[in-house]
Amino acid sequence: MLSSETMLEIDIAGIKMKNPIMTGSGTFGFGEEYSDFVDLNKIGAVVVKGTTLLPRCGNDGVRIAETPSGMLNCIGLENPGVEHFLSDILPRLKKYDVPIIVNVSGNTVEEYGQLAKILDVYGIAAVELNVSCPNVKEGGIVFGTNRDSAAAVVREVKRNTSKPVIIKLSPNVTDIADMAVAVEEAGADAISMINTLIGMVIDVDTWKPVLGNITGGLSGPAVKPVAVRMVWQVAQVVKIPIIGMGGIMTAEDAIEFFLAGASAVAIGTANFVNPSAVEDVAKGIQEYLVKKKLTHVSQLIGQLKVNK
Amino acid sequence: MLSSETMLEIDIAGIKMKNPIMTGSGTFGFGEEYSDFVDLNKIGAVVVKGTTLLPRCGNDGVRIAETPSGMLNCIGLENPGVEHFLSDILPRLKKYDVPIIVNVSGNTVEEYGQLAKILDVYGIAAVELNVSCPNVKEGGIVFGTNRDSAAAVVREVKRNTSKPVIIKLSPNVTDIADMAVAVEEAGADAISMINTLIGMVIDVDTWKPVLGNITGGLSGPAVKPVAVRMVWQVAQVVKIPIIGMGGIMTAEDAIEFFLAGASAVAIGTANFVNPSAVEDVAKGIQEYLVKKKLTHVSQLIGQLKVNK
Amino acid sequence: MPKIAIDTTIVENKSITDDVKELIVYAPKIAQQAVPGQFVHIKIATGEPLLRRPLSISNVNVEAGTLSLIYRIVGKGTAYLANLRTNDEVNCLGPLGNGFDLTCERPLLVGGGMGTAPLIFLAQRLNPRTTTVLMGGRNKAEMFWQPMYEGLAKEIHITTDDGSMGTKGFTVSALPELVKANQFDRIFVCGPHVMMEAVAKFAKEHEIPCQVSLEKYMACGIGACLSCTCVNKLGDKRKKVCTDGPVFWAEEVL
Amino acid sequence: MPKIAIDTTIVENKSITDDVKELIVYAPKIAQQAVPGQFVHIKIATGEPLLRRPLSISNVNVEAGTLSLIYRIVGKGTAYLANLRTNDEVNCLGPLGNGFDLTCERPLLVGGGMGTAPLIFLAQRLNPRTTTVLMGGRNKAEMFWQPMYEGLAKEIHITTDDGSMGTKGFTVSALPELVKANQFDRIFVCGPHVMMEAVAKFAKEHEIPCQVSLEKYMACGIGACLSCTCVNKLGDKRKKVCTDGPVFWAEEVL
Ligand SMILES: Cc1cc2nc3c(=O)[nH]c(=O)nc-3n(C[C@H](O)[C@H](O)[C@H](O)COP(=O)(O)OP(=O)(O)OC[C@H]3O[C@@H](n4cnc5c(N)ncnc54)[C@H](O)[C@@H]3O)c2cc1C
Ligand SMILES: Cc1cc2nc3c(=O)[nH]c(=O)nc-3n(C[C@H](O)[C@H](O)[C@H](O)COP(=O)(O)OP(=O)(O)OC[C@H]3O[C@@H](n4cnc5c(N)ncnc54)[C@H](O)[C@@H]3O)c2cc1C
Ligand SMILES: Cc1cc2nc3c(=O)[nH]c(=O)nc-3n(C[C@H](O)[C@H](O)[C@H](O)COP(=O)(O)O)c2cc1C
Ligand SMILES: Cc1cc2nc3c(=O)[nH]c(=O)nc-3n(C[C@H](O)[C@H](O)[C@H](O)COP(=O)(O)O)c2cc1C
Ligand code: FES
Ligand code: FES
C-alpha cells in the first residue's frame, strides 16, 4: 500500500504532477485568483488562460449565458499577451510548487510556433495548443476541426520548443478519433479534451442572441456524456496520454474519465460553482481509491469493462 | 388579426399542419400511447417511431440513462417493421385528423428507397429519413455524417416516393451547414434537426458503461444550445424548411428555434416529462403571439436580430 | 381507464428507517382507479432531475383519496424526494401498468427488499382470501414491513440473509416447507431479479401459477419510448414493462 | 482580506413587495469584513441553476453576524431563492469586489431600482456625515425603500417615472436643484446603466467626483473567468467588474 501522498502522483508526458487534477484553461485565471480557496501547491497543474502573441481585449457584449446544466461563454481570448505573461505574471507564479502549463492560440501555424518558442523558458512545464478559435489564414476554418491543420500546428510547435506539447481537441468534429490519430502522428505528447461545444441562446423577448458574439462555447455538466464518450473513443486509438475534461463537478465525474482512458483530468466550469473544486475532487478520488482498496490512481485508467 | 385557429397553421413542404408543433420520432410511440394526454387531432404532425424493413428487437441491456438536464438512449430501433406498421398500426391512426410522418432507417441506400416506396401510400403525409444509425455496407460509417452518403440516400428516396422527403440531420458532424446544403441539392424537401449527440455514462461502482450499447444518444435541455446554433447555421444556407428540435420543453424554447430559422419544431424528451407537452407548447406559442401582438407564427421564423 | 398526470399535494413524507420513507400523496382520481401491481411515475422537481421516477403503489386509501408510496433513498431523485415536506407538490402520472391477476383462492406472496411494497396493496385486495406472506431481506433492519401487513395475511414468514430475524437464508429456501404445508394455487413474487427467477423456477417445478413484477429503467412509463422492453419468452415481439407489465406471468419473461 | 465560500443558514426570507424580497443569512465572517459596495455570489441550490448569482450586500449586522440581501425575482435563480425558508442553506462566496470610496464629507447617494439596495449599507457607514439620498423608480409600488434609510440620511428625495410618488421624472431631473441647494463633494450612484451615465455626466459637468456601481453577468465572481470585463476609458486594459469593481470612478468606465 502506497502512502496517501503518492497514490495520486502521476507523470503526463514528462510533466510530474502531485495528482492528476489540473485546471481548465480560462476557468482558473492565472491560478492566483483562486489562492484564497485552493492551495496551489497541492494541485496537479495550473493551465493558465489562453494566451496570444499580442494582448487581446476579447469580445464585446454579454460574454456568458447560463444554460440547462451548463453555460456558454464567448470571452474571446481576452489576455494580456505572452510578453506580459512572462514578465509580470510568471514570476509571481514561480513561487508555487506546481507545474504551469500555458494554453496558447495563434492566428496562423507560424504564430503557434512563435508562441511556443517564446514560452520555451524556465518555469513553464508545457504548452497546450488551443486550436478551436477561428483564424484568418485558413479562411475561417478552425484548426481544431481539420486533421491536417491540427497536425501542422503540432509539427510547427514541436520544432520550436523543448517542452511537452499538449493539444486540446475540439469536440465539434465528425470523427474525434481521426483527429487524435493525426495529432499523435504529428508528434503531440498528450491530448487534452474536450474544448467547448458550440452553442447559442436567443432572448425570446428581444429576439437577439444573448451573447455578444452570437454563439459561444458550451461547458459544464451538460456536456459530460459527450466528453466521456470522446475520451473513450480516443483512448482506443492513441498511445499518448489523455487529459479529460468536460463537466467534471465531483470525484465520481472525474473517475468516469479515468475509466474511459484519461490519465489526468481538468476542472473547468466547476471552479465557478465551487472555488475549491480542484482540491475537493482530488480528495474525493483519494477517498475512492481507499474505499476500493486501490493503491494508485493509475489503476483506474482505461479500466472500463466492456463486453460487447 | 387572424383568428386563433389559423394563427398557427403552417405548410411544411406541402404537409398542411394545424400548428407547427410535431413530435420527435421515437419519443411519441405511434401517437396512440399519448391519446390520454393529447388530442392527436390538435397537434401539427405525428412522427412515428423509427421504422425499418424488417422488425427489429433493439438493443439488450439498459436502454436509457439520465444525465444532467438530459438523457441518453440506445433503444436500437426496436420496431415491428414497415409491413406490420402499414397493416396493423396505420389503419388505427387514420381515424385521427393529423398528418402521419414515418421516420425510416435503412442499412443501405437501396433499403431507404424500398422503405419509401412501400410507404408511398394513402394516409402517410411524408417520410423522414433517419441517417444516424450505423450501417453495414459503408463499413461502420453513418450516412448522417458523410455528405455524399446522405445525399445519395435522399436521391434514392426521392426516386421512390411521391411524398415530401424530410431528412433528419445528425449533430455529430464538423460542418452541419455543409451537410444541409448537400441534402438540399440532392432534393430533400425539408430538414429536421437535430438528432441526438453521441454520449456515454460510466458506472463508477461497477466500472461498466451504464448503457447496454456502451454509447447512446443525448437529448433533452442539455443539448438545446447546440441545436439552436445548428438550426441557425443551416437556416443561413438552405431555402427548404427546417423542423427544429433538441431540448424543447416550453413555448419559449420553441420560439428560440423559430427565431433561429425553423419553420416548425418537434418535441421529443419533453413528452416523457410532461405527456401533454405537445399541446402545452402549442398553446404557449399562441399566447406568446397574442402578447407580442403578432398574427401568425410565421412572423417569428428566422427573425433573429443579429448586428455584428 | 384513462391515465392522468396531475400535481398532487404531499400529505405526509415519513421516515420508516434510515433510508426508507413512506410518501402519502393526495391523488383521489388515481387512488380510485388503481389496482395492486400498478405504479405511478412521479416528477419530483420542476427542473432537475429531468425524468420521472417509477414507484409502486404500496397502498391506497380510496376514502381519503391518497396513495402510499414506499421508497428507498438510492440516488439523486429519491434523495430529493426525501427532502420534500407536507404541502409540497409532486406531479403523479398514473395509474400505470397492469395489475396482478387476482383469480386465485390460496395465494402466497413473496417479497424481497423494496419489492415487498406493492404486495401490501395486493394483500389488501386479496382479502378475505387466506393469504400467506413470505418476505426476505438482508437483515433485521430491512424487515420493517410486518406491521404494514397487519390483518392482511393469515401468516407471515420472514427470512434474512444474516439470520438476524426469522429464518436465516433466502426466501426461496423457505418455499419447500411452505408449499408442503399449504395448497397454494398462486405465487406472486416481487423483488430482486435473481430471487424472482429462483421463486419462478420453484413455482414451475411445483406447477403453481406464478406472477412476477419486473423493474426496468423507464422514460415515458406509458409504452411510447421502448426504454423498458424485455424479451417475451412466449413470442417474438418484446414486452414493455411499463404497459404490458410490470406484472407478468413468470413464463412470459423469466 | 481572504474571500470565503461557506454554507450559510437562512435566518429570514421576507417579502417586501410582490416581487422583491429580503434575505437575511447568517454569515458572520463575511459580515465582519464586508464594506459598502461589495457583493456576495450565492449558490442557490445543489444542482440547477448551475451558476452562482451576484447580490449586493444591502446591509450587515456585525453583532448578529448576518447579511441582508434585497433581491427582485426576475428569473430562474431568484425565483428558486424566493422559495427558500428559514433554516434552509445557501452557499455564500464573499465578500467580493471593492467598495465605495468613503473619503468625502457631504455625499449624495443616487439609487435607481434595485440599485438602491447597496446604498443602504453605504448610508450606514457614511454616518455620522450628512447624507442626502435621491431615489427613483417606475412607480410608487417600487419605492418601498424609505423605511430602510430611516435615521441614515438627512433628507430623502424621490422621483417616479409616473409621478405616483415624489416628483414625476427621472432622478437626473432632480439633480440641478439638489446640487444648487447643497455643497456635495461626492455622488454615489447605483442603478440602470442609462441612469448612471446621465448622473455621471451631470457630476462631471459640475465637477463632483462620482462613483458608479456596475452590473455584469458573472461566472466566477473572483477575477478568473473574464465574463464581466468592461472597457477601461483611462487605459488600454479592460477592467473586471467583479474584482476591479463593481464600484468604479465614473470616468474610468462610463
Ligand atoms: C415499476 C417500478 C416500480 C418501482 N417501485 C418502487 C418502489 O415501490 N419503491 C422503491 O423504493 N423503488 C421502486 N422502484 C425503483 C425506483 O424507481 C428507483 O429506485 C428510483 O427510480 C431511483 O431513482 P434515483 O433518482 O433515486 O436513483 P438514480 O440512480 O439517481 O436514478 C438515475 C436513473 O435511473 C433510474 N433507476 C435507478 N434505479 C432504478 C430501478 N431500480 N428501477 C428503475 N429505474 C431505476 C431512475 O429512475 C433514473 O432515471 C420501482 C421501479 C419500477 C420500474
Ligand atoms: C455586482 C452585482 C450586484 C447585484 N446586486 C443585486 C441586488 O442587490 N439585488 C438584485 O435584485 N439584483 C442584483 N443584481 C442582479 C442579480 O444578480 C440578477 O438579477 C440575478 O442574477 C438574476 O438571476 P435569475 O436567475 O433570477 O435570472 P436569470 O435571468 O434566469 O439569470 C440567468 C443568468 O443571467 C444572469 N443575470 C441575469 N440578470 C442579471 C443582472 N442584472 N446582473 C448580472 N447577472 C444577471 C444570472 O446571474 C444568471 O447567470 C446584482 C448583479 C451584480 C453583477
Ligand atoms: C469561461 C471559459 C473560458 C475558457 N477559455 C478557454 C481558453 O482560453 N482556452 C482553452 O483552450 N479553453 C478554454 N475554455 C474551455 C475549458 O478549458 C474547458 O475545456 C471546457 O470548459 C470544458 O470543461 P468544463 O465543462 O469542466 O468547463 C474556457 C471555458 C470557459 C467556461
Ligand atoms: C428514446 C428516444 C428514441 C428516439 N428514437 C428515434 C428514432 O427512432 N428515430 C429518430 O430519427 N430519432 C429518434 N430519437 C431522436 C428524437 O426524435 C430527437 O431528434 C432528439 O431526441 C432531440 O430532441 P429532444 O431533445 O426534444 O428529445 C429518439 C430520441 C429518444 C429520446
Ligand atoms: S418506459 Fe417508455 S415504453 Fe416503457
Ligand atoms: S466574473 Fe469571472 S472575472 Fe469577473
Side-chain angles (χ1 to χ4, degrees), chain A residues 65 67-72 142 145-146 170-175 197-209 212-216 218 220-233 247 249 251-260 288 292 300 303-308, chain B residues 65 67-72 142 145-146 170-175 197-209 212-216 218 220-233 247 249 251-260 288 292 300 303-308:
Chain A
T67 67
S69 299
M71 65 177 282
L72 291 171
V142 178
T145 56
N146 179 299
S170 162
N172 302 290
V173 296
T174 306
D175 189 348
L197 276 163
I198 306 167
M200 159 176 197
V201 183
I202 297 173
D203 183 327
V204 298
D205 207 38
T206 62
W207 296 15
K208 288 184 190 159
N213 192 46
I214 307 176
T215 63
L218 184 64
V223 308
K224 199 189 67 176
V226 174
V228 172
R229 181 263 296 183
M230 288 188 163
V231 166
W232 179 67
Q233 286 179 321
M249 305 295 285
E252 283 68 35
D253 294 337
I255 290 160
E256 284 194 61
F257 282 85
F258 289 120
L259 293 170
Y288 176 90
K292 288 276 183 184
L300 299 172
Q303 293 307 308
L304 182 72
K305 292 184 203 153
V306 168
N307 34 7
K308 249 212 125 171
Chain B
T67 66
S69 298
M71 64 177 282
L72 290 170
V142 180
T145 54
N146 178 300
S170 162
N172 302 291
V173 296
T174 306
D175 189 348
L197 276 164
I198 304 168
M200 158 174 196
V201 183
I202 296 173
D203 184 326
V204 297
D205 208 38
T206 62
W207 296 15
K208 288 184 191 160
N213 191 47
I214 306 175
T215 63
L218 184 65
V223 308
K224 200 189 66 177
V226 175
V228 171
R229 179 264 295 183
M230 288 189 164
V231 166
W232 178 67
Q233 286 179 321
M249 304 296 284
E252 284 67 34
D253 294 337
I255 290 160
E256 284 195 62
F257 282 85
F258 289 120
L259 293 170
Y288 176 90
K292 286 274 182 186
L300 299 173
Q303 293 307 308
L304 181 72
K305 292 184 204 155
V306 168
N307 34 8
K308 251 213 125 172

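Sequence lines set the chain letters: A, B, ... in the order given, protein chains first and strands last, and positions in each chain run from 1.
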Colleague: Of all of Thr215(B), Leu259(B), Asp203(B), which one pairs up most often with chain A through heavy atoms under 4.5 Å apart?
Modeller: Leu259(B)
Colleague: Tell me, for Asp205(A) versus chain B, whether the close heavy atoms (under 4.5 Å) come from the side chain, the backbone, both or neither.
Modeller: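 Contact with chain B is through both the backbone and side chain of Asp205(A).
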Colleague: Val204(B) and Glu252(A): which non-hydrogen atoms are nearest, and at how many Å?
Modeller: CG1-O, 3.4 Å
Colleague: Side chain, backbone, both or neither: which part of Phe257(A) has a heavy atom under 4.5 Å from chain B?
Modeller: neither
Colleague: Quick one: which of Gly247(B), Gly216(B), Pro209(B) has the most heavy-atom pairs under 4.5 Å with chain A, could you say?
Modeller: Pro209(B)
Colleague: According to salt bridge (Lys or Arg N to Asp or Glu O under 4.0 Å), who are the partners of Lys305(B), at least two apart in sequence or on a separate chain?
Modeller: none
Colleague: Among Asp253(B), Val231(B), Val226(B), single out the residue with the greatest number of heavy-atom pairs under 4.5 Å to chain A.
Modeller: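 Winner by heavy-atom pair count: Val226(B).
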Colleague: For a quick test of reading the model, state the closest non-hydrogen atom pair linking Met200(A) to Glu256(B) and the distance between them.
Modeller: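 Heavy atoms of Met200(A) and Glu256(B) come nearest at O-OE1, 4.3 Å.
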Colleague: Given that the side chain runs from C-beta out, which part of Ala260(A) has a heavy atom under 4.5 Å from chain B: side chain, backbone, both or neither?
Modeller: both
Colleague: Chain B: which of Ser69(A), Ala222(A), Ala65(A) shares the most heavy-atom pairs with it under 4.5 Å?
Modeller: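 Most heavy-atom pairs within the cutoff with chain B belong to Ser69(A).
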Colleague: Quick one: of Asn172(B), Leu72(B), Ile255(B), who has the most non-hydrogen atom pairs under 4.5 Å with chain A?
Modeller: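 The residue among Asn172(B), Leu72(B), Ile255(B) with the greatest pair count is Asn172(B).
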Colleague: Can you list everything that forms a side-chain contact (heavy atoms from CB on, under 4.5 Å) with Val223(B)? Sequence neighbours excluded, please.
Modeller: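 With neighbours one apart ignored, the set is Ile194(B), Leu197(B), Leu218(B).
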Colleague: Nearest 0.5 Å, what's the CD1-CE distance between Ile198(A) and Met230(B)?
Modeller: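 CE of Met230(B) is found 8.0 Å from CD1 of Ile198(A).
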Colleague: Which pair of non-hydrogen atoms, one from Trp207(A) and one from Leu300(B), has the smallest distance, and what is that distance?
Modeller: CZ2-CD2, 3.3 Å
Colleague: Can you name the one residue among Ile202(A), Val201(A), Thr67(A) that meets side-chain contact (heavy atoms from CB on, under 4.5 Å) with Val228(B)?
Modeller: Ile202(A)
Colleague: Relative to chain B, which segment of Thr206(A) carries a heavy atom at a distance below 4.5 Å: side chain, backbone, both, or neither?
Modeller: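 Only the backbone of Thr206(A) comes within 4.5 Å of chain B.
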